[in-house]
Structure formats: structure tokens, C-alpha cells
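Everything on this sheet refers to the single structure shown next.
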Amino acid sequence: MIKEVESLMHKYIAGVDPFALKLYENISCGKRLRAKLILKIASDSKEAVKLAAVVEMIHAASLLHDDVIDEAVTRRGTPSINATHDSKTAVMLGDILYSKAFYELSYFSSFIVQKISDAVTKLSVGELLDVTYSNSLQLDEDKYFDMIYKKTAVLIEATASSAALLAGKNIHAYGVYGKNLGLAFQIIDDVLDITSDSQKLGKPALADFKEGKTTLPYIYLYKSLNESDKEILLKLYKKELDNDEKKWIKSKMQESGAILKSIELARKLGYEALEAIEEDKSLDLEKVIKEMIEREF
Ligand code: FPP
Ligand code: MG
């Protein structure tokens, strides 16, 4: 089924412009979490493949723009479009994917059109918050959760509830499942930036703090440090780290329990996601949560 999603995306983009298709073919496809979720929730719906293609095109557009904003030269182990071409090309390819996705989205029922488009507005606000918070150390947990809800969880929430509508399932319960899955996904992403390596991640590791992003493990870490270690951490903020500084951050993250605490919260959100759909328990959706928490990239 995921192959059908890939070929529908290909068909949509081919129908727009051959150069856009050529550029699109340079993007590696990623985990396709959102598409898999739709196919698992609405496996019997004829519309599932279409919705999955639409959502994955929106997601791909958002990453093209995000790489321009973050000045990222790699994505999923391959050079980003802004690196192989330039930022203008990446922005325009993003616009093509995004607007074509919305054209195809317009054929769905108004609940789905409104859910997804409202999520994309929030996604953009989330990205704006991420950029704004990166200007100075942001240690407020509530602000972090609000930002990751908008930047990551809201589209997964809208995706899951839209798929539930297609399948005649409980829209609210699947929305809660998607929201918690999305929050846990972003927390694990933020943990992996610290614990994983560049090869596995397909992008530079330990990059968030250098980019000014104070993610949940950093918020927990800062709160647990004594005054002199707090000072050391503050000096490393937004700095190109040498090997000793990288080691210092990694060991403090483990010693203080900041990593474990973040993973435990992601696990708790994962359980809450499954609790929400308990009446309609599915091994497949349990697997999505487990694999997402235990992933290495
Ligand atoms: C990745 O975050 C970025 C996102 C999840 C959302 C980006 C959203 C936009 C650019 C706005 C919406 C735009 C369109 C065209 C729909 P990250 O930088 O923390 O993760 P990364 O390390 O994978 O880059
Ligand atoms: Mg980024």
C-alpha cells in the first residue's frame, strides 16, 4: 500500500511539472510515518492512499522549507535541495508540493479539509516559535510543549482523526492517539540529537544546542545542574562544540538523568496514545508507538 502512496505522489508531481518531478526525485523519502498511520487506521477506505499522498506532500514541503530556515545541508543522509541547488529552488519546490497537495485535499469532506489546513497553519506558527525561541535560551517547559505540539504533533493529530473519519472510527480518540504519538516523536527526535550519531541520523548530531534550540533534555539538564555547571552549559549555547565539550554535554545528560527523564515522558505519552484507542486496540498501532520510541534515527 505504501508503494501506491509513493506512486500517487509521483503522479501528482509529474502532472504539475517535469522539472519539479526531477527535483522531487532527489529527496529521500523518510519514514513515511504519517502515510503508514493513515493506511493502518483506514485500511479499508478507498480514500486512504489519496489522503496519505496529500499529507506526505505537505510534510515534504514543510521539511524543504525547514532546511532553508535551519540552513541544513543534509536531510536523511543525502544533501538537502537547498544544498544541491539553492534556497530559492527549495522554497519553490516546497510551494509546488504544498499547493498541489491542497488542490487534491479540496476533494475531501470539509471536516478533513479544515482539520488538515488548520494543522498546517499551526505547523507554520510552530516553526515560527521554534525560530523565535532559538534566539535565546528558552527554558520554559510549557513553551517547549506548545511549540512541539504545533511544529510536529498537530499534523499527526489531524492525520489520525481524518483517517478515523474515513474509516468510520472514533475521531476524537484517534486525534488523541495522533497528538500523543506526535509529541513523543518530537521528544525522541530531540533525544536522538544528543545520543545518536550523524551517520545514523543522516544529519549532523548534537546540532540543536548549537542552532540555539533548547530542547526538553536541555531544559531538564539545566534545572538539575549546580551553579558552576550551569555556567559551563550557558557558555556552550550556540557554540561550535569541540570534542571535549561534546563529551561533557553527553555525560552530563546521562549523569543527570535528563535523557532518561525525556525518554520516560515519551513512553508515558505513548501509553496515553494507546489508552485513547483502547476500545479499538490494534497490534499495528501499538507497533507504531513501540518502534517510534525505540528507534535510533
Ligand atoms: C522540522 O523540525 C520541521 C517541522 C516538523 C515543521 C516545519 C514547518 C514549516 C517550515 C512551516 C510549514 C510550511 C509548509 C510549506 C507546509 P526540526 O528542524 O526540529 O527537525 P529536523 O532536525 O528534522 O530538521
Ligand atoms: Mg530542521
Side-chain angles (χ1 to χ4, degrees), residues 30 59-76 79-83 86-88 90-91 94 98 119-156 182-198 201-225 229-242 245-246 248-250 252-253 256 258-259 261-262 265-266 297:
H59 178 57
S62 78
L63 294 184
L64 281 162
H65 287 190
D66 179 68
D67 284 341
V68 172
I69 293 165
D70 288 346
E71 296 173 20
V73 292
T74 50
R75 162 79 55 193
R76 300 163 183 150
S80 54
I81 298 289
N82 45 309
D86 51 25
S87 293
K88 293 176 189 175
V91 169
Y98 170 67
V120 177
T121 309
K122 293 200 170 84
L123 185 72
S124 307
V125 173
E127 184 79 349
L128 184 61
L129 288 175
D130 198 17
V131 170
T132 310
Y133 292 160
S134 303
N135 291 329
S136 57
L137 205 75
Q138 197 301 106
L139 294 165
D140 185 322
E141 263 178 68
D142 290 343
K143 285 186 177 167
Y144 167 82
F145 285 116
D146 176 57
M147 185 273 287
I148 68 162
Y149 168 64
K150 290 177 177 137
K151 185 180 80 165
T152 306
V154 80
L155 183 59
I156 303 178
L183 292 172
F185 181 87
Q186 188 58 51
I187 294 171
I188 295 296
D189 231 48
D190 293 343
V191 165
L192 289 173
D193 175 79
I194 299 154
T195 58
S196 191
D197 56 64
S198 306
L201 290 175
K203 59 184 181 185
L206 224 61
D208 284 344
F209 207 49
K210 196 196 122 240
E211 286 173 13
K213 297 182 183 182
T214 325
T215 58
L216 190 64
Y218 286 97
I219 296 175
Y220 286 158
L221 175 65
Y222 184 82
K223 286 183 179 150
S224 75
L225 292 177
D229 281 346
K230 271 186 179 142
E231 243 174 73
I232 298 176
L233 186 66
L234 290 183
K235 285 209 177 98
L236 301 181
Y237 180 63
K238 281 198 173 191
K239 184 177 177 290
E240 191 75 58
L241 302 169
D242 65 29
E245 290 164 342
K246 284 182 184 170
W248 187 87
I249 290 188
K250 282 179 177 240
K252 288 289 171 191
M253 281 286 184
S256 65
I259 293 293
K261 202 171 158 193
S262 305
L265 182 61
F297 60 91

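Because the structure is a prediction, the values reported are computed rather than measured.
- The side chain to side chain donor-acceptor pair (under 3.5 Å) test with D130 is passed by exactly one of K150, K151, Q138: K151.
- For E211 (side chain) and D208 (main-chain N/O), no donor-acceptor pair under 3.5 Å exists by modelled atom type.
- Open room surrounds CD on E71; 12 or fewer heavy atoms of other groups in view lie less than 6.0 Å from it.
- Using a distance-only test at 3.5 Å, with no hydrogens or angles considered, no donor-acceptor pair links the side chain of K261 to the main chain of P217.
- Distance OG1/T152 to CZ/F185: 7.5 Å, rounded to 0.5 Å.
- Counting all heavy atoms, side chain and backbone alike, D140 lies closest to I219 at O-CD1, 4.1 Å.
- For S224, the side-chain contact (heavy atoms from CB on, under 4.5 Å) criterion is met by L221, S256, not counting sequence neighbours.
- Of the possible polar contacts, none joining the S87 side chain to the V68 backbone as a donor-acceptor pair under 3.5 Å is found.
- Residues meeting the ring-ring contact (aromatic ring centres under 6.0 Å, His included) test with Y98, sequence neighbours left out: F102.
- In this structure a side-chain-to-backbone donor-acceptor pair under 3.5 Å is present from K223 to L139.
- The two residues G94 and A61 have their closest heavy-atom pair at O-CB, 3.3 Å.
- Salt bridge annotation for D70-K213: present, with a cationic side-chain nitrogen under 4.0 angstrom from a carboxylate oxygen.
- For the pair L192 and L201, the tightest heavy-atom approach, listed with the atom from each and the gap, is O-CD1, 3.7 Å.
- Salt bridge R75/D66: present, at least one basic N to carboxylate O contact under 4.0 Å.
- When all heavy atoms are compared, the tightest approach of L63 to R76 is CD1-NH2, 3.1 Å.
- A donor-acceptor pair is defined here as one N or O able to donate and one able to accept, closer than 3.5 Å; no such pair exists between the side chain of N82 and the backbone of A90.
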Could you please spell out the steps behind the side chain to side chain contact (heavy atoms under 4.5 Å, CB included) verdict for L241 and L206? CA-CA 9 Å; L241 302 169; L206 224 61; 3.9 Å; yes

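- Scanning both residues, L225 and K252, for their nearest heavy atoms gives CD2-CD, 4.0 Å.
- Distance NZ/K143 to OG1/T214: 11.5 Å, rounded to 0.5 Å.
- Inspection of the D190 and Y144 side chains reveals an N or O donor paired with an N or O acceptor under 3.5 Å.
- In this structure, the side chain of K238 engages the main chain of S134 through a donor-acceptor pair within 3.5 Å.
- Atom NZ of K88 sits in a sparse spot, with 12 or fewer heavy atoms from other residues, nucleotides or ligands closer than 6.0 Å.
- In plain terms, the two heavy atoms of V73 and A83 that are nearest each other are O-CB, 3.6 Å.
- Using bins of under 30°, 30° to 60° and over 60° for the plane-to-plane angle, the ring pair F209/Y237 lands in the perpendicular bin.
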